[in-house]
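Letters A, B, ... are given to chains in the order of the sequence lines, protein chains preceding strands, and every chain is numbered from 1.
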2 protein chains.
Amino acid sequence: MAGSCFADRLAKHVPLSDVEKKALARLEENPRRVKRGAMIQRVNETVTELFVLRHGRVMSFVILPDGSRQILRVYFPGDFIGSASTVYSKAPESLVALDDAVVCPFDKHALRRLLEEFPRVAALLFLLSNAERVAMTDRLASLGRTSAKARVAAFLLDIFNRVRLTDDSITDSFDLKLTQEEIGDAIGLTSVHVNRMVRQMELEGLISRANGRISLLDIKRLEEIGHYTNRHKDMDLDWLPAA
Amino acid sequence: MAGSCFADRLAKHVPLSDVEKKALARLEENPRRVKRGAMIQRVNETVTELFVLRHGRVMSFVILPDGSRQILRVYFPGDFIGSASTVYSKAPESLVALDDAVVCPFDKHALRRLLEEFPRVAALLFLLSNAERVAMTDRLASLGRTSAKARVAAFLLDIFNRVRLTDDSITDSFDLKLTQEEIGDAIGLTSVHVNRMVRQMELEGLISRANGRISLLDIKRLEEIGHYTNRHKDMDLDWLPAA
DNA sequence: CGTGAGATTGATTTCTATCAAAATATGTGG
DNA sequence: CCACATATTTTGATAGAAATCAATCTCACG
């Protein structure tokens with residue numbers, strides 16, 4: 001099963017010194033198993049912890065007063081999650097495991113010490129947070145300005161490309177680990193309509209499905225339909241302070 | 001006219017040392033006037049600059065292949081803009097002045113030097129970037145899961161509260177400096193429908209309008225309608241390294 | 001004044017939600 | 001390992017929200 005530590009993930013962008021790697025590894029000293037469906041953090045709860053996700057998948061979401069849910073983000077191994085608690089003492093979003101997962105909680109004061117001692121890591125975290133913000137703007141444009149079909153296409157491509165970041169064995173088919181209702185909650189549609197779109201894309205030969213796995217059969221056309229741009233390709237962090 | 005430097009804005013969250021303030025002030029050494037409507041940054045252009053917005057207002061947006069526009073964010077004096085160029089060498093979004101404005105461009109290598117020398121500032125920027133990300137998730141939930149009326153209400157409240165951050169004189173009425181078409185592009189609606197919602201809210205006594213200024217007459221109900229939570233209130237950055 | 005951008009209103013269409021039911025799949029306790 | 005309970009997917013019919021199309025109106029400004 002694909003697992004990924006935070007240091008490795010960061011090192012994919014910028015070379016890290018051994019000291020830095022070791023310091024980052026300390027954030028993951030307390031791995032904790034969580035079962036599929038388990039709540040890792042509840043909205044409005046007082047929080048002082050952040051997490052590195054080591055194994056499995058996690059989603060963040062909010063529930064609106066009318067009961068509807070907006071899934072904000074799906075996280076993969078090596079992702080830094082719950083970063084909102086660096087700024088707010090009450091969690092603005094909930095975190096639930098989509099999978100049997102392993103998360104590594106650490107106190108924000110451990111983060112503070114890391115930031116103090118390793119300015120280069122602080123800078124790197126700043127950059128990655130900016131990258132997250134850009135990912136968010138892509139979703140915003142998708143929700144605000146594109147059709148149901150485009151949203152589904154963009155969402156599938158997004159998950160696909162992020163799965164591939166941590167799992168090289170994947171070429172065109174992958175486990176979504178989300179119900180159609182969850183997909184809908186992520187992209188602002190009802191499960192019924194997600195199903196119609198998925199069905200349609202299947203008929204058109206854009207995707208195929210078999211026991212929970214999705215295959216993207218025509219990535220190029222999916223990218224067109226979803227107005228998708230892969231942001232992972234052209235990240236450029238080399239200008240950072242040298243190690 | 002309300003202007004605000006970056007250091008002052010940051011100092012509202014955390015006490016800054018004089019050295020730090022001075023270092024931050026150096027980012028603003030090259031103020032540049034831009035006229036209303038002027039493009040500050042064009043999407044896909046190679047960029048190595050970031051900006052602090054000193055005066056006026058700026059918006060970021062993308063244009064989709066079908067010509068529709070998604071406004072991603074409206075920026076106010078003291079905001080740090082164009083942070084995507086810390087991660088991408090081609091701008092993922094365009095920047096246009098909504099106002100006659102003053103921006104202070106600085107090279108990302110100036111930022112690098114700042115981050116190297118002042119880890120505490122690096123940490124602070126990291127936190128503010130996280131706050132931006134949370135603001136983004138609020139908009140995502142708004143676009144994905146709420147009605148046209150709710151979106152308009154939430155949008156007005158958001159702008160209102162952010163205007164107030166830099167201008168204490170404002171109590172309940174403010175200049176939006178956006179056409180109804182732009183509002184629509186920000187919240188995923190057509191200008192026609194924005195107009196209907198605004199009209200309706202006016203009839204219901206929730207807001208009133210006079211020569212471009214908007215007054216929020218019933219903030220409490222607007223917050224309910226828009227499912228709005230003011231995130232500026234309970235930010236907590238005190239746990240950061242001491243000066 | 002005339003011109004053009006923006007606001008407003010009405011009529012109609014389109015997309016997506018909602019409601020309802022059936023069909024499949026998944027999981028669990030015995 | 002089966003049988004039942006529950007969750008998820010699928011399909012159809014209908015309703016509703018917002019888009020689109022098309023004028024008209026208003027107002028700031030050269």
Side chain to side chain donor-acceptor pair (under 3.5 Å) partners for B/Asp66, two or more places apart: B/Ser68
Round to the nearest Å and state the distance from B/Gln200 atom CD to C/dT8 atom C1'. 15 Å
Rounding to an integer number of Å, can you tell me how far B/Leu143 CG sits from D/dA19 P? 12 Å
What is the distance from CZ of B/Arg199 to P of D/dC25, rounded to the nearest Å? 15 Å
Whole-Å distance separating the CG atom of A/Asn195 from the P atom of D/dT8: 14 Å
Would you call A/Asp79 and A/Arg162 a side-chain contact if the rule is heavy atoms closer than 4.5 Å? yes
Restricting to nitrogen or oxygen on both sides, can you table the protein-nucleotides 12-18 of chain C pairs closer than 3.5 Å?
{"from": "C/dT16", "atom 1": "OP1", "to": "A/Ala148", "atom 2": "N", "distance (Å)": "2.9"}
{"from": "C/dA17", "atom 1": "OP1", "to": "A/Thr190", "atom 2": "N", "distance (Å)": "3.3"}
{"from": "C/dA17", "atom 1": "OP2", "to": "A/Thr190", "atom 2": "N", "distance (Å)": "3.3"}
{"from": "C/dA17", "atom 1": "OP2", "to": "A/Thr190", "atom 2": "OG1", "distance (Å)": "3.1"}
{"from": "C/dT18", "atom 1": "O4", "to": "A/Arg196", "atom 2": "NH2", "distance (Å)": "3.4"}

For the pair made of CD1 in A/Ile214 and C1' in D/dT8, what is the distance, rounded to whole Å? 14 Å
In whole angstrom, what separates B/Leu178's CG from C/dA5's P? 18 Å
Assess the residue pair A/Gln41 and A/Glu45 against the criterion (side-chain hydrogen bond (donor to acceptor under 3.5 Å, both in side chains)); give the C-alpha distance rounded to whole Å, side-chain angles, the decisive distance to 0.1 Å, and a yes or no. CA-CA 7 Å; A/Gln41 177 179 96; A/Glu45 239 175 25; over 6 Å; no
Ion pair A/Glu224/A/Arg221, N-O distance below 4.0 Å: no
For C/dT8, does either OP1 or OP2 sit under 4.0 Å from a side-chain N or O belonging to B/Arg209? yes
Between CD of B/Gln180 and P of D/dA19 the distance, given in whole Å, is 13 Å
Expressed in angstrom and rounded to an integer, what is the separation of B/Leu98 atom CG from C/dG6 atom P? 12 Å
Throw together a table of side-chain donor-acceptor distances under 3.5 angstrom for residues 150-160 of chain B, partners on residues two or more places apart or in other chains.
{"from": "B/Arg151", "atom 1": "NE", "to": "B/Thr146", "atom 2": "O", "distance (Å)": "3.1"}
{"from": "B/Arg151", "atom 1": "NH1", "to": "B/Ile187", "atom 2": "O", "distance (Å)": "2.9"}
{"from": "B/Arg151", "atom 1": "NH1", "to": "B/Gly188", "atom 2": "O", "distance (Å)": "3.2"}
{"from": "B/Arg151", "atom 1": "NH2", "to": "B/Thr146", "atom 2": "O", "distance (Å)": "3.4"}

Closer than 4.0 angstrom, basic N to acidic O: yes or no for B/Asp234 and A/Lys90? no
